[in-house]
Structure formats: structure tokens, C-alpha cells
Amino acid sequence: MINHQCIAYSIGASLYLNITNRCTNNCVFCIRRTNKGVGYDLWLPEEPSLKELLDAAGDPSQYDEVVFCGYGEPLVRLEMVTAAAKELKHKGAKKIRINTNGQANIIHQKNVVPELDDLVDVISISLNAQNANIYAELSNPLKYEPEEAYSAVLEFARECKKYIPRVILSVVKWQGVDEEACREIAKNMGVEFRVREFYGNE
Ligand code: SF4
């Protein structure tokens with residue numbers, strides 16, 4: 001039995017769903033490397049089933065948004081995300097957001113974005129860098145060559161633009177990240193851009 005607080009927790013008016021520890025990156029600024037995290041122990045002893053996830057989520061209509069995130073990459077569990085998003089919308093979720101590393105299409109070896117159509121309202125994609133070299137340094141892709149991973153992230157973002165109402169490319173404030181070059185990438189794609197603060201490795 002998994003602690004419900006590991007799976008679902010709220011910050012402000014957002015409900016966060018933590019569905020996996022797995023990720024295809026090992027970013028230098030990953031929350032998994034911090035002791036502080038978000039104030040909860042989010043390391044899942046095992047991945048929740050759909051029922052466990054929905055039970056932990058409770059009534060989604062009381063939040064402004066429901067966010068699939070995790071200590072890992074939520075879209076490694078694509079089927080879980082789409083099944084849960086359907087149920088949550090049915091139960092009155094106002095908005096569904098996914099925070100992702102943008103590698104879902106190489107993870108699943110197909111274009112998964114059409115499956116998110118009508119389910120996901122906002123997707124926040126970690127661009128992390130202005131080129132594959134910096135991406136390699138900061139995101140340490142574990143399964144793919146940096147060039148392959150970085151171009152997959154860009155291609156994924158372009159696909160998202162076709163199906164998802166709000167697409168955000170994000171970077172973390174970090175040495176070597178050229179924020180203006182990243183902003184330009186987002187602008188050329190016609191998507192939003194956000195710079196996130198690093199919370200520290202204490
Ligand atoms: S992509 Fe996200 S979950 Fe994965 S290592 Fe990087 S920061 Fe952590």
C-alpha cells in the first residue's frame with residue numbers, strides 16, 4: 001500500500017500527481033538530487049495503479065489544475081497518464097498540465113502527442129539548453145545520444161504546438177544556459193518560454 005501523500009500533494013491551488021521515479025535523464029538540477037525536494041517524501045516504493053492514483057487524487061474539481069509530474073518523467077507511463085487524465089476530466093478537473101522532459105516520442109518510438117489531444121491543456125517541456133552540447137552537460141541523457149535526445153525534445157515541442165492549447169518551453173537558471181538563445185527557440189516555435197529558479201542542493 002503506497003502512502004497517498006507520495007502520490008498526490010497540493011501546492012496552492014494545484015494538485016500534483018507523482019506517478020513514477022523513472023526518468024531518461026539525470027539532470028544536474030533534478031529535485032531528486034536535493035534533500036529538500038518539495039517538502040514531501042516523494043520517492044515511490046512502487047508505481048501507483050490507476051485506482052491508487054485516482055483514490056489519492058480525490059476530487060480534482062476543487063483545484064485550478066492537476067499536474068502530472070513526479071520525481072521522474074510522467075510520460076514513461078503514457079497509458080497511465082491518458083487513462084487518468086480522462087477520468088480526472090470526467091470528474092471535473094478544470095485543467096490538466098504535464099511537466100515533461102520532452103523525450104516521450106523516442107521513449108515510445110512513435111508520435112504520442114495526438115494521444116494527448118483533448119486531454120491535456122498545458123504542457124511544460126524542459127528545453128534546458130540552447131544546444132545539444134549544453135543539454136548533454138546539464139541533462140545527462142541516460143538512454144540516448146545527446147543530439148538525438150535534444151532534437152527529440154524540439155520535435156516533441158513542435159508536435160505539441162499542433163494539439164495542446166498551451167505549450168511552454170522552460171530552462172533552469174544555470175551557468176552555461178543562454179536564456180536569450182532559448183527564448184528565441186521558443187519564439188520561433190510560437191510557444192511560451194519560462195525561466196525557472198533552482199532551489200538548491202542543500
Ligand atoms: S528530466 Fe526532470 S525528472 Fe528527469 S532528471 Fe531531469 S529534472 Fe529530474
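Remember, predicted model here, so these are calculated numbers, not experimental data. Atoms within each ligand, like the ligands themselves, are counted from 1 in listed order. Scope of the values below: all heavy atoms of this structure, side chains included, with no hydrogens, waters or symmetry mates.
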Is at least one protein non-hydrogen atom found at under 4.0 angstrom from atom 2 (Fe) of ligand 1?
no

Would you say L17 and V67 make side-chain contact, with heavy atoms under 4.5 Å?
no

So, do M189 and K161 sit near enough that their side-chain heavy atoms are less than 4.5 Å apart?
no

Stepwise side chain to side chain donor-acceptor pair (under 3.5 Å) check, T24 with E73
CA-CA 7 Å; T24 46; E73 164 52 42; over 6 Å; no

Do C23 and N101 have side chains that approach each other closer than 4.5 Å (heavy atoms only, starting at C-beta)?
yes

Let's go through E47 and R22 carefully: what are the C-alpha distance in whole Å and the side-chain angles of both, what is the deciding distance for side-chain contact (heavy atoms from CB on, under 4.5 Å) to 0.1 Å, and is it a yes or a no?
CA-CA 9 Å; E47 294 185 339; R22 289 181 284 154; 2.9 Å; yes

What protein N/O/S atoms are there under 2.8 Å from atom 8 (Fe) of ligand 1, waters excluded?
C30 SG

Under-4.0 Å salt bridge between K110 and E115
yes

